[in-house]
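So the structure is just underneath, and the comments pick up after that.
Since the structure is predicted, the reported quantities are computational estimates derived from the model, not experimental observations.
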Amino acid sequence: MLKIRLKRVGRKNQPFYKIALMENLSKRDGKSLAELGYYNPISKELNLNNNLILKYINLGAKPTNTTRHLIYKHIKSFTL
């Protein structure tokens, strides 16, 4: 099963996450099938590729709870 989840790429005490499409059983920092955006929790910067995310969700990929919240926050900021 495909999941949309966070992949940590930051340094020690400086987290930085890529939002990636990965197999369900792969490691947290393992090989990803597609990069869909990034999230910096220190500066609260969020950048997502909406077209790719919608494409993969329509094909059956499930976002994790954290990524679902980030996607919702990103979409909500556009509607306001």
So, do [X] and [Y] sit near enough that their side-chain heavy atoms are less than 4.5 Å apart?
{"X": "Leu2", "Y": "Met22", "result": "no"}
{"X": "Arg8", "Y": "Arg28", "result": "yes"}
{"X": "Leu48", "Y": "Ile71", "result": "yes"}
{"X": "Leu46", "Y": "Asn40", "result": "no"}
{"X": "Ile4", "Y": "Thr64", "result": "no"}
{"X": "Lys44", "Y": "Tyr39", "result": "yes"}

To the nearest 0.5 Å, what is the distance between [atom1] on [X] and [atom2] on [Y]?
{"X": "Glu23", "Y": "Arg5", "atom1": "CD", "atom2": "CZ", "value": "9.0 Å"}
{"X": "Ser77", "Y": "Tyr72", "atom1": "OG", "atom2": "OH", "value": "11.0 Å"}
{"X": "Asn50", "Y": "Ile75", "atom1": "CG", "atom2": "CD1", "value": "6.0 Å"}
{"X": "His74", "Y": "Thr67", "atom1": "NE2", "atom2": "OG1", "value": "13.5 Å"}

For atom NZ of Lys3, decide whether the heavy atoms of other residues, nucleotides or ligands shown that lie under 6.0 angstrom number more than 12.
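Above 12, so yes.
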
Do the side chains of Leu54 and Leu59 join up, straight or via other hydrophobic residues, at under 4.5 Å, putting them in one cluster?
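No: no chain of side-chain contacts under 4.5 Å links Leu54 to Leu59.
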
Applying the 4.5 Å side-chain criterion to the ILVMFWY set and letting contacts propagate, would Leu33 and Leu36 be lumped into a single cluster?
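They do share one cluster, since a chain of ILVMFWY contacts under 4.5 Å joins Leu33 to Leu36.
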
Could you tell me which residues satisfy side chain to side chain donor-acceptor pair (under 3.5 Å) with Glu35, sequence neighbours excluded, listed by chain and number?
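Checked Glu35 against side chain to side chain donor-acceptor pair (under 3.5 Å); matches are Ser32.
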
Compare every heavy atom of Ile42 with every heavy atom of Asn13, then report the nearest pair and how far apart it is.
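Closest heavy-atom pair between Asn13 and Ile42: O-CD1, 4.4 Å.
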
Taking every non-hydrogen atom, the tightest pair across Ala61 and Leu21
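Closest approach of Ala61 to Leu21: CB-CD1, 3.7 Å.
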
Please find out if less than 6.0 Å separates the ring center of Tyr38 from that of Tyr17.
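Between Tyr38 and Tyr17, the centre distance exceeds or equals 6.0 Å.
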
Counting N and O atoms only, with roles assigned by atom type, does the side chain of Lys7 sit under 3.5 Å from a partner on the main chain of Ile19, one being a donor and the other an acceptor?
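Here the side-chain-to-backbone pair does not exist.
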
